Each structure stands twice: as C-alpha cells, then as structure tokens.
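Some notes on the structure that comes next.
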2 protein chains.
Amino acid sequence: MLEENTHMCFCPLEGVIDVISKKWALLIVNVIGNYERLRFNKLMQELGYISPKTLSDTLKELQKEGLVKKDTFAEIPPRVEYSLTKDGVELRKAIIPLLKWAATRTNVKKKKCDPACREIPAHRVRLAAPSEKDTMPQTCPKAILKQ
Amino acid sequence: MLEENTHMCFCPLEGVIDVISKKWALLIVNVIGNYERLRFNKLMQELGYISPKTLSDTLKELQKEGLVKKDTFAEIPPRVEYSLTKDGVELRKAIIPLLKWAATRTNVKKKKCDPACREIPAHRVRLAAPSEKDTMPQTCPKAILKQ
DNA sequence: CAGCATCCACATAGATACTG
DNA sequence: CAGTATCTATGTGGATGCTG
C-alpha cells in the first residue's frame, strides 16, 4: 500500500484543496459527522453565525465533491437531511491529526478555546461513534483548554 | 493526553485555517520539508508557476504563524534560506493522512497525477528524513499513479 | 539574488430581503 | 423549512516592472 512508499504525491490533494480551504467546509464536515444526519436550520445553529447563502453554497460544493449526501423528503413543511458519504467520513478522520497538531502546537498566537468559541457546537469533535445516549460535551475538554 | 478524550475541539484550528487554506501554503511547507533548507528562487522553481509576490506573501504569513523560519546571510549577492520550525515540521506530518485520503478516495473528479503535475517537484512528498544521498523521485510513485 | 510596488481580475463570504 | 436573489466588502493570486 501507500505506507510502503517513502514518497507521496500532492497531486490528488490539489483537486480538493479548493474545497477544504473554504472557510466553513471542514467545520461542516465535522458537525455532520458528529450527528450523522442534520437538517439545514440545525446546521446553521450548530455552526454559529453562518449565513444561509454561505451554508447553501458550501453544501453544494461538498456534494459536488462527493463528501456530503442530501436527502429530500416530500413533506410539508419540507424536510431535508444532510449526511456524510463514505469519502466524507474518511475525510473527517483524516483531519484529526491536523486538529491535534493545532491543539498542541507551541506558537499559537491567535484564537484558542474561549467562552465564545465553546458555545459553538460545531467546534467540538465527537471521536467516538454517535449513539442515542451519547451527548456532546457542553465545553471543550479540559485537556485542550489547558493548552 | 488528547487520545484519552472522546471529544476534541476545533477552536485551535480556527487560527490556522486561514493560513493552511491559502492556495500555496501546504505545498510550501511540504517542499521546504523535503529539502530542509531552501532559497527563494529555488523555492519558486520547485513550486512551478508561483509569482514572487505570492511566494513572498505566503512566506511572510507562514513566518507570522511560526511555521517557517528565515535566515538571512549578509553576503553579496544576498543569500536567504527558509526552513521549517518545529511546528512546521509537525504540521507537515499532520497533513500526511489528508494526503493519503486524497490519494485513495473514490469519487475523485478533478486532477490526479498527470504529466504536467509530475513535473512539479513540490507535489512530491518525501516521507523519510532527507539525507545527502537521497534523491527525489522524478515521477509520482506508481502506487498513486495507478489510482 | 531576493524581493517590493502597483494595478488588476476574480472568488468568497456576509447582510438583507424574499419565496416555494 | 429550506433555501434563493441581490448587492457589497474583502481577500487572494497573477502580471509587470523596478530595486538594494
């Protein structure tokens, strides 16, 4: 497999770098993964202060890239649910090391976990598989807050 | 450590997301890591067709974020060398899973490794520690090209 | 050699208002 | 509920030409 090579290629990343570099993309992938399925307005709440336009645009991009799946139910009022594709789930796992790096690096000058940030559920990452009983923590884990 | 938590926080990532989302940032971090030390013009060659302004801007951002270090030598003609800080080295490691994900995902629609890409050294990632004798491969590893 | 200055084109995100 | 339409502000990268 790839692990056997001592060299890798950035080329495949190029196609996706445009997507993951969008301001909200990783956050959206993360929060959908936190819940498995999420509706539009719930997504807005979870993300904090994103405009419907920006969320709509980004969701379309993520669908185009095959990272997010959209299920529309013909009901009144309409119901739409977003979930991660297999690729989306994998991406969410692949960014964990990046998260850990960001959480432990020494030269951080800008934002850390502050009270305002802790109020935004999308900033929390559920590493374990979601279950009925599992609830998201109301604050950042202490291990990170102490950084 | 962090591994013991079942939840993580995105907050620390927020500060850097602006940096790593810049078009050339990850590529620059990667290629400097490939060589340990690189000069400005060499960096330009390795990156393909980046303008000096863009390279200059991005390098400044990376320095401000504590990911890249700049060493200036008072010589004529002037010599400047860029290297990764400890954080930069760690970041370069942290993006490897992302690379692997991008290389193996199923729904890729856009760019893969093509001849044009293979001519750009910065797209290649040296996983092993650089040494005098180690040379970069002239093409992408087959395992990736076959995707 | 290693850049900076200037100008330009385009993409992205937000605010606000409106709709099937 | 789940968006769309429109406008605007800002960011980001590229081209070109010049400099210590």
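What you see is a predicted model; the values in this text were computed from it and never measured.
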Notebook entry, point to check: Contact class for A/Phe73 vs. all strands (heavy atom < 4.0 Å): base, sugar-phosphate, or nothing?
Noted result: nothing

Item checked: Atom pair distance, as rounded to whole Å: CD in B/Glu46 and P in C/dA2 -> 14 Å

Check: Mind checking what makes side chain to side chain contact (heavy atoms under 4.5 Å, CB included) contact with B/Pro78, not counting sequence neighbours?
Finding: none

Non-hydrogen side-chain atoms of [X] and [Y] separated by less than 4.5 Å:
X       : Y       : answer
A/Asn41 : A/Met44 : yes
B/Leu91 : A/Leu98 : yes
B/Ile32 : B/Leu62 : no

Notebook entry, point to check: Would one find a side-chain N or O of B/Tyr82 under 4.0 angstrom from OP1 or OP2 of C/dC1?
Noted result: no

Spell out, as yes or no, whether a donor-acceptor pair under 3.5 Å connects the side chain of [X] to the backbone of [Y].
X       : Y       : answer
B/Glu46 : B/Lys42 : no
A/Ser83 : A/Glu36 : no
B/Trp24 : B/Leu47 : no

Can you list everything that forms a salt bridge (charged side-chain N to carboxylate O under 4.0 Å, His left out) with [X]? Sequence neighbours excluded, please.
X       : value
A/Lys93 : A/Glu90
B/Glu81 : B/Arg37, B/Arg79
B/Lys70 : none

Next item on the list: Among the candidates C/dG20, C/dC4, C/dC1, find the nucleotide nearest to the side-chain atoms of B/Pro78.
Entry: C/dC1

Using the side chain to side chain donor-acceptor pair (under 3.5 Å) criterion, which residues pair with [X]? Sequence neighbours excluded.
X       : answer
B/Ser51 : B/Thr54
B/Lys69 : B/Asp71
B/Lys53 : B/Asp57

Next item on the list: Residues of residues 37-44 of chain A with any non-hydrogen atom less than 4.0 angstrom from an atom of DNA chain D: list those, numerically ordered, please.
Entry: A/Arg39, A/Phe40, A/Asn41

Notebook entry, point to check: What is the 5' to 3' range of DNA chain D, first to last nucleotide, that sits under 4.0 Å from any heavy atom of chain A?
Noted result: D/dC1 to D/dT6

Margin query: With each end axis built from five pairs of C1' atoms, what bend angle do you get for the helix from C/dC1-D/dG20 to C/dG20-D/dC1? Round to 10°.
Written below: 60°

Could you pull out the protein-nucleic contacts involving nucleotides 13-15 of chain C (nitrogen or oxygen on both sides, under 3.5 Å)?
residue	atom	partner	partner atom	Å
C/dA13	OP1	A/Lys23	N	2.8
C/dG14	OP1	A/Lys23	NZ	2.9
C/dG14	OP2	A/Trp24	NE1	2.9
C/dG14	OP2	A/Thr54	OG1	3.4

